[in-house]
Amino acid sequence: MSNIGSYEERVKNFDWSIAEKELGYKEGEVINIGWYCSDRICEMGKGDNLALFWENAAGEEKRYTYDDIRVYSNAIGAFLRNLGVKNEDRVCLFMDRIPELYIGLVGILKIGAIAQPLFSAFGDESLFVRLENAGTSAIITQRKHALKVRKIIDRLPNLKHIIIVDHDEKRELKEREIAFSMESERVDTLEIFPTKAESPSLLHYTSGTTGMPKGVQHVHYSLISQYLTAKWVLDISENDIYWCTADPGWVTGTSYGIIAPWALGVTQCVLDSGFSVEAWYRFIQKYGVTVWYSAPTAIRSLMKAGDEIVKQFDLSCLRHLISVGEPLNSEAVVWSEKVFGLPFHDSYWQTETGSIMITNFPGMKIKPGSMGKTFPGIIGIVVKPETYEPINKSGVIGLIAFRPGWPAMMRAYWKNEETYKGKFKNGWYLPGDRAWIDNDGYFWFIGRDDDIINTAGHLVSPFEVESALLEHPAIAESAVVSKPDEINMEVVKAFVTLKPGFEVSEELELDIMNFIRKKLSSLAMPQEVEYVDSIPKTRSGKIMRRLLHAKEWGEEIGDISTLEND
Ligand code: PRX
């Protein structure tokens, strides 16, 4: 029997207080995610239970009990506090998937500071805009990533502390750098900051349509949604071995890669290495993973590697599979059922929603290609694009819309009230996606309603890439759209015009690609650069990405009456 039991019954009798009761929380009381993820589990007498199995590409292994999480997060919290970090100060986590990243987030939350996780593959410019916008006061990082911080530190007067978790005594610490070794001391007590439901917890940056990345601000009360969705959708319980493949630089890696599993007291596994089919199957077998939360790009890559390789491993430990981040094609669901004997259950949500909104629940009939139904307590519909009126007809495509008010809903875009307000229309929150609903209430995803590129499940803003491209000495103008890709679904493609004196060449294309990879990240790096004579723009000077996009995808171009250079 799954944790959710009957979906219909849960919908009928739903109230978020179910989670509040299970967590022992009452309205108005202190609620601190850091405490829930460690101290509470220990107070329940489960301090010796394993919280984390960790392994890296070199085969190094570490394991941590809940008591370890408690004392080491205390150590991080105490260290930050001694440096003068206060509640609501922003503390950035900029690390590979090392234990300090996971435990560090718990420590930051315990002192009431705001955790700002950033993907460690970000280049210096991606890092700079996010640290500057957040006014971040401390960053916890590794030696190799500190080099990127050093490059931008002069432009970040608010960044007072660069905390290096793997400092080598033989090297010199540079300006504002300080060494910290998490496991040097088991700090038994730490005064937990008395955060309340609405106290800020996390700041996750996500790509915008037009402007720079937006800081999505969450609160400690988000735990209520994260806990219950993990319990009912991921179906995890204390005896599971759980593997969430997402990096905590992104929201899945925090909501369901740190907060929910640890608040549920489950043992989770982390593999700190890049993707490899064999390494993944071996990892599942070695740790006996029972619940696996992954993403379509990875599933498509596994699928491509074929069925034979699956047979070389004993994966009979697997019990429940879930996917998130991009459209899960029906072939992937059918394939996983064939090779693992289990279908992948799609789940749909976003950084702003903080927790799963639409999903195929355990035990529910899966319609391959559909995202499933709304989580109990979530009111989700599709609305007309122009009027935001509900579409009360099945099969008609509209904008996905949710009635605001679930616990994990973002509370603000950091210092960007106008954009935040723009996400609400007619009393609905609009995530910016299009879908249709069938007669049984299942949602079928169509696509985004803006120019944001979803490559391998990661959102990339064309605006951010276009701006970075303009800093390349050879580029006069740029436009960025997605192009289709078999594995990643979409990849970044750049159209550029060159400044006088620069010649079209393959070397230049490679140079442009690398320029973006270093400045932004490998995800944002164009997989193709096309040289053009001019960039299509509207008469008001806006880049007509729609036109370039349509060409790449072989779609109808539509109305081009506003085109300037036709
Ligand atoms: O467009 C939707 C797509 O990813 C966006 C959210 O991205 P992000 O904020 O980075 O969060 C990713 C992980 C929660 C959505 O607006 N998306 C997410 N899940 C799905 C999806 N598209 C199709 N199917 C999904 N299951």
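Remember, it's a predicted structure, so these values are computed and weren't measured experimentally. Whatever order the structure lists them in is the order used to number ligands and atoms, beginning at 1. We're numbering straight along the sequence, starting at 1.
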Study note, to complete from the structure: ligand 1 atoms nearer than 4.0 angstrom to some heavy atom of Asn454 are 3 (C), 4 (O)
Check your understanding: Does ligand 1 have a heavy atom under 4.0 Å from the side chain of Ser347, from its backbone, from both, or from neither?
Key -> backbone
Check your understanding: Which is closest to atom 23 (C) of ligand 1 in terms of heavy atoms, Gly325, Ser207, Pro327, Ala246?
Key -> Pro327
Point to revise | salt_bridge(Glu418, Lys423) N-O dist < 4.0 Å | key: no
Review point. Is the shortest distance from a Lys or Arg side-chain nitrogen in Asp440 or Lys367 to a carboxylate oxygen in the other one below 4.0 Å?
Key: yes
Exercise for review: Report the part of Gln350 (side chain from C-beta onward, or backbone N, CA, C, O) that has a heavy atom under 4.0 Å from ligand 1; answer both or neither where that applies.
Suggested key: both
Exercise for review: Give the numbers and elements of all ligand 1 atoms closer than 4.0 Å to a heavy atom of Thr252.
Suggested key: 13 (C), 14 (C)
Point to revise | Part of Glu326 within contact of ligand 1 (heavy atoms, under 4.0 Å) | key: backbone
Practice item. Give a yes or no on whether the ring-centroid distance for Phe283 and Trp243 is below 6.0 angstrom. Key: yes
Review point. Quick one: is the NZ or CZ of Arg130 closer than 6.0 Å to the six-membered ring centre of Phe122, and within 45° of its axis?
Key: yes
Check your understanding: Angle class for the Tyr281/Phe340 ring planes (parallel below 30°, perpendicular above 60°, tilted otherwise)?
Key -> perpendicular
Point to revise | Of the listed options Asp449, Thr351, Asp433, closest to atom 2 (C) of ligand 1 (non-hydrogen atoms) | key: Asp433
Exercise for review: For ligand 1, indicate whether the residue Ile452 contacts it via side chain, backbone, both or neither (heavy-atom separation under 4.0 Å).
Suggested key: neither
Revision key, fill the gap. Atoms of ligand 1 under 4.0 Å from any heavy atom of Phe445, numbered from 1 in the order shown, are 1 (O), 22 (N), 23 (C)
**Study point:** Sub-6.0 Å ring centroid separation between Phe361 and Trp232
**Key:** no
Practice item. Starting from atom 7 (O) of ligand 1, locate the nearest protein heavy atom and write down its residue, its atom name and how far away it is, to 0.1 Å. Key: Leu459 CD1, 3.4 Å
**Study point:** Residues Arg546, Asp451; criterion salt bridge (charged side-chain N to carboxylate O under 4.0 Å, His left out); working and verdict
**Key:** CA-CA 8 Å; Arg546 187 166 56 80; Asp451 295 334; over 6 Å; no
